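Structure record follows, encoded as structure tokens.
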Amino acid sequence: MDVTLHLAQEPAADELLGRSPLAALVGMLLDQQVPMEWAFAGPRTIADRLGTDDLDAHEIAAYDPEAFAALLSEKPAVHRYPGSMAKRIQQLCQYLVEHYDGDAAAVWEGVGTGKELLTRLNDLPGFGKQKAQIFLALLGKQLGVRPKGWREAAGDYGAAKSFRSVADITGPESLTKVRAHKQEMKAAAKAAKAAKSG
């Protein structure tokens, strides 16, 4: 993996995401309840605080949980909920160590179909169906991982030029389009909820 991503909108953070499968997975895990750029800048911040150039699943899995939570809580915090996200990142890394010998790329390397890849991503701690589909779309659209049927397995997120998720962000212009789509979805959900209770 060595591509240029534009998810953190910050060169050093995006550089790490583009070359480190684990950083990309951790960024995706962090992408909830905080702005996307904050989430995807997290792996670089964690690596810097660990004093390394990349994230290592074995190191994070074995790290003292309280010390790791403190590392994520340092100002500026890696996430709005640094303690619970520290726990989730460690669970993800422990799973990768147990099932893939700590190699995040092994989750998708050599996978025959998009459906199989979706199942593998869905099995990761902290990845529900939606997060798994978005990451699958990111792999297909920007990281060149395209097993047979990957677009179908990614659902709506796999559609070309859909601007629905981080999978479609390649710079500031597409970021604006994805934000607009998310705001439309929130407004539609709010309207539907109001109609139900009305």
Side-chain angles (χ1 to χ4, degrees), residues 1-8 13-14 16-37 39-40 42-43 55 57 85 88-171 173-186 188-189 192:
M1 231 171 81
D2 199 6
V3 296
T4 303
L5 293 178
H6 300 278
L7 305 179
D14 281 329
L16 177 62
L17 294 169
R19 70 175 160 83
S20 168
L22 181 56
L25 274 179
V26 169
M28 191 73 228
L29 183 68
L30 290 168
D31 189 21
Q32 57 191 48
Q33 299 169 306
V34 295
M36 179 204 75
E37 300 93 323
F40 283 97
L55 300 181
M85 292 317 282
R88 285 186 175 188
I89 292 169
Q90 284 197 290
Q91 287 169 342
L92 173 65
C93 289
Q94 287 158 356
Y95 182 90
L96 291 171
V97 167
E98 196 179 315
H99 297 270
Y100 297 100
D101 196 29
D103 179 7
V107 174
W108 53 84
E109 283 173 351
V111 172
T113 67
K115 192 176 176 186
E116 183 188 346
L117 179 50
L118 181 62
T119 300
R120 285 183 175 198
L121 291 168
N122 217 10
D123 287 342
L124 297 174
F127 277 66
K129 185 181 179 193
Q130 184 181 27
K131 197 177 280 282
Q133 285 187 313
I134 291 170
F135 194 78
L136 174 50
L138 177 67
L139 286 169
K141 290 179 177 183
Q142 296 197 48
L143 300 172
V145 177
R146 301 183 180 111
K148 189 174 187 280
W150 71 270
R151 282 192 190 275
E152 293 76 8
D156 290 343
Y157 302 107
K161 296 184 176 68
S162 60
F163 300 108
R164 291 176 180 272
S165 72
V166 299
D168 301 296
I169 295 170
T170 54
E173 192 183 319
S174 49
L175 173 62
T176 304
K177 289 180 182 177
V178 169
R179 282 239 158 82
H181 174 77
K182 285 186 172 185
Q183 284 166 343
E184 281 172 33
M185 293 288 98
K186 277 184 184 163

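Here the structure is a predicted model, which means the values were calculated and not measured.
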Discussion item. Which residue in the set Leu96, Leu22, Asp123 passes side-chain contact (heavy atoms from CB on, under 4.5 Å) when paired with Val107?
Written reply: Leu96
Worksheet entry | Non-neighbouring partners of Thr170 that pass side-chain contact (heavy atoms from CB on, under 4.5 Å), sequence neighbours left out | Gln142, Ser174
Item to complete: Please round to the nearest 0.5 Å and tell me the distance separating atom CG of Leu92 and atom CD1 of Ile89.
Response: 8.0 Å
Worksheet item: Measuring from Leu17:CG to His6:NE2, what's the distance to the nearest 0.5 Å?
Response: 11.0 Å
Fill in: Verdict with supporting geometry, Tyr95 and Gln90, side-chain contact (heavy atoms from CB on, under 4.5 Å)
CA-CA 8 Å; Tyr95 182 90; Gln90 284 197 290; over 6 Å; no
Would you name the heavy atoms of [X] and [Y] that are closest together and state the gap between them?
| X | Y | answer |
| --- | --- | --- |
| Leu16 | Ala23 | CG-CB, 3.7 Å |
| Pro43 | Leu55 | O-CD2, 3.7 Å |
| Ala153 | Leu136 | CB-CD2, 3.5 Å |
| Pro147 | Leu117 | CG-CD2, 4.0 Å |
| Ala104 | Leu25 | CB-CD1, 3.8 Å |
| Leu7 | Asp14 | N-OD1, 2.9 Å |

Fill in: Heavy-atom donor-acceptor pair, Ser162 side chain to Gly158 backbone, under 3.5 Å
no
Worksheet item: If only atom types and distance count, is the side chain of Asp103 paired as donor or acceptor with the main-chain N or O of Ala105 below 3.5 Å?
Response: yes
Practice prompt. Give the C-alpha distance, both sets of side-chain angles, the deciding distance and a yes or no for side-chain contact (heavy atoms from CB on, under 4.5 Å) between Trp150 and Val145.
Written response: CA-CA 9 Å; Trp150 71 270; Val145 177; over 6 Å; no
Taking only distance into account, with no hydrogens and no angle test, what donor-acceptor pairs under 3.5 Å do side-chain atoms of residues 27-36 form with protein atoms, sequence neighbours excluded?
from	atom 1	to	atom 2	distance (Å)
Gln32	OE1	Lys131	NZ	3.3

Discussion item. Going by salt bridge (charged side-chain N to carboxylate O under 4.0 Å, His left out), name the pairs with one or both residues in residues 138-156, residues two or more places apart or in two chains.
Written reply: Lys141-Asp168
Discussion item. Does the plane of the ring in Phe135 sit parallel, tilted or perpendicular to the ring in Trp108? Use 30° and 60° as the thresholds.
Written reply: tilted
Worksheet entry | CD/Glu109: more than 12 non-hydrogen atoms of other groups inside 6.0 Å | yes
